[in-house]
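Positions are given from 1 along the sequence. Side-chain atoms are counted along with the backbone in the values below, which use heavy atoms only and exclude waters and symmetry mates. In this text, all values refer to a predicted model and were calculated from it rather than measured experimentally. Atoms within a ligand are numbered from 1 in the order they appear, just like the ligands themselves.
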Amino acid sequence: MTTLKEKLYEKIEAHRPRIKRLLEEHGDKVISDVTVQQVIGGMRGIKSLVTDISYLDPYEGIRYRGYTLPEVFQKLPKPEGAEMPYVEGLLYLLLTGDIPTESQVSDVIYDSINRRMLPKYVYEVIDSFPNNSHPMVILSAAVMSMQRESLFNVKYQRGIHKLDYWDPTYEDAINLISKLPIISAYIYNKLYQSNVKCYQDPTLDFGANFAHMIQKGVPYDDVARMYFILHADHESGNVSAHAGHLVASSLSDVYYATSGMINGLAGPLHGLANQEVLRWIQDLRGKMGKKAPGEEQMKKFVWETLNSGQVIPGFGHAVLRKTDPRYSIQREFCLKHIPEDELFEYVDLLYKVVPPILKEQGKAKNPWPNLDAQSGVIQWHYGLTQYDYYTVLFSIGRALGVLSNIIWDRALGYPIERPKSITTDMLEQMVGIK
Ligand code: HAX
């Protein structure tokens, strides 16, 4: 049987001529114009990145390697008795574009288990943080501290050929992906479970082992698998994916790049929105004296937030123009497993109330919920009530997509990223104001 790495190499060899041909025969063809609004407006919508790992259609939502999320959940192999697929199967799909067989997934799991061990100094780095540090800071620092483990750096110092960059990058990436749940569980136990010691279980897959390490076990293992798969990738232009790609484009190794990805994810307009949704709902809950709000009270609370110049967390999106399918999948999960949950009832009421209000306010281009509106409620229900931690979970998932992209960036020889900036004077001259 070919291993994941061998299969990936076949795919890389088959893909390289496509990029070469595009560049040699069509390199100067124009595919997109750029407006003043886009230049001032965060480069929104400018087609300037290539990835084959996922594609985000504004009305359909994300596809991983051409598969919609319901297809991904249906087609990937699952552990016996589980509702959600193996995360390792998703990694195989993201890297190769193929749905793996059970035995191909077992092979990835076996390889990954052997890479889970953390160097002792990483535990010491985590332990050295005060307990009121944000878990994203600790995660970022712990990942950074492992930079000395990079095989890519060693090979680069020795003079590796460009065509082979992807190989040590793959080794670094799989090492880091395998270690991230271990690091993250250790951070959780340090901050919220008084340093409870919990060791990894080499008989468990990625999701189940994480659940075991934070002492949640079954059925949280399925929640973890679902969560990591849903958060894995959202094409290349979002802040976390782009930050990872950008840092890696200078041939910084995956530890630097993943720390960059984590730092980008930690902003409230991006990954931290999952924490903000819970904080915002808890605020409302406090004001309501824990009574469920009626529709009119909920509307009032939403307007109060908007009128005080804040955003409604969990709603809106830079690309999507409909309800995020990642939201819908989690909503279906809630309807099936936790329909009576009090916070789910809040979230469902928000789904009814917020979009018409955002439309009436007339600012947000997309009034519909994104994945962050729903994800924290599920975590809360299964006992992860420390919402500061939710973006760490997001980071574990997002690393799968970002690191898959970085391996492919290296394989296809994508260059250092360097867009051009201009001055306001120049912009005014270009449009004829000056
Ligand atoms: N609540 C209130 N106002 C909102 C809004 C919301 N949920 N979404 C957008 N707007 C506002 C913007 O702040 C902007 O206002 P100004 O003109 O005053 O600057 C205006 O509507 C136009 O914004 P947009 O073009 O529709 O949205 P952007 O592409 O600029 O931003 C964001 C996209 C996701 C950042 C935005 O919708 C937002 O702030 N949402 C709330 C935070 C959130 O849920 N973030 C997570 C998004 C998903 C994700 O990345 N997860 O990791």
Under 4.0 Å from a heavy atom of [X]: which atoms of ligand 1 are those, numbered in the order shown and with their elements?
X: G314; value: 43 (C), 44 (O)
X: F394; value: 52 (O)
X: D372; value: 46 (C), 48 (C), 49 (C), 51 (N), 52 (O)
X: R44; value: 28 (P), 29 (O), 30 (O)
X: G271; value: 52 (O)
X: H317; value: 33 (C), 34 (C), 37 (O), 48 (C)
X: I312; value: 1 (N), 2 (C), 6 (C), 7 (N), 41 (C)

In the protein, which heavy atom is nearest to [atom], and how far is it?
atom: atom 46 (C) of ligand 1; answer: L269 O, 3.2 Å
atom: atom 50 (O) of ligand 1; answer: H270 ND1, 2.9 Å
atom: atom 10 (N) of ligand 1; answer: A364 CB, 3.7 Å
atom: atom 42 (C) of ligand 1; answer: P268 O, 4.0 Å
atom: atom 16 (P) of ligand 1; answer: K363 CE, 3.7 Å
atom: atom 40 (N) of ligand 1; answer: F315 O, 2.8 Å
atom: atom 26 (O) of ligand 1; answer: K365 N, 2.7 Å

For [atom], is the nearest protein heavy atom under 4.0 Å away?
atom: atom 28 (P) of ligand 1; answer: yes
atom: atom 32 (C) of ligand 1; answer: no
atom: atom 12 (C) of ligand 1; answer: no
atom: atom 6 (C) of ligand 1; answer: yes

Are any side-chain N or O atoms of [X] and backbone N or O atoms of [Y], one a donor and one an acceptor, separated by less than 3.5 Å?
X: T305; Y: F301; value: yes
X: D222; Y: M84; value: yes
X: N175; Y: E171; value: yes

Inspect the contact between [Y] and [X] and indicate whether a charged nitrogen and a carboxylate oxygen are less than 4.0 angstrom apart.
X: K434; Y: D425; result: yes
X: D98; Y: K11; result: yes
X: R279; Y: D388; result: no
X: K300; Y: E304; result: yes
X: D348; Y: R331; result: yes

Can you figure out which of G267, G309, G316 has its heavy atom closest to atom 37 (O) of ligand 1? G316
Apply the ring pair (Phe, Tyr, Trp, His ring centres under 6.0 Å) test between F210 and each candidate in Y186, Y188, F228, Y227; give the one that qualifies. F228
Polar contacts were defined as any N/O atom of the residue lying under 3.5 Å from an N/O atom of the ligand; does this apply to A273 and ligand 1? no
Take E83 and R225, measure what salt bridge (Lys or Arg N to Asp or Glu O under 4.0 Å) needs, and give me the verdict at the end. CA-CA 9 Å; E83 201 178 314; R225 289 187 200 98; over 6 Å; no
Looking only at the aromatic ring of each residue, does the gap between the centers of F206 and Y86 stay below 6.0 angstrom? no
So, do H234 and H270 have ring centers that fall under 6.0 Å from each other? no
Taking non-hydrogen atoms only, is L306 closer than 4.0 angstrom to ligand 1 via side chain, backbone, both or neither?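 L306 to ligand 1: side-chain contact only, backbone stays beyond 4.0 Å.
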Using a 4.0 Å heavy-atom threshold (strictly under), name the region of N370 that reaches ligand 1: side chain, backbone, both or neither. side chain
In terms of ring plane angle, is the pair Y387 and W380 parallel, tilted or perpendicular, where the classes change at 30° and 60°? parallel
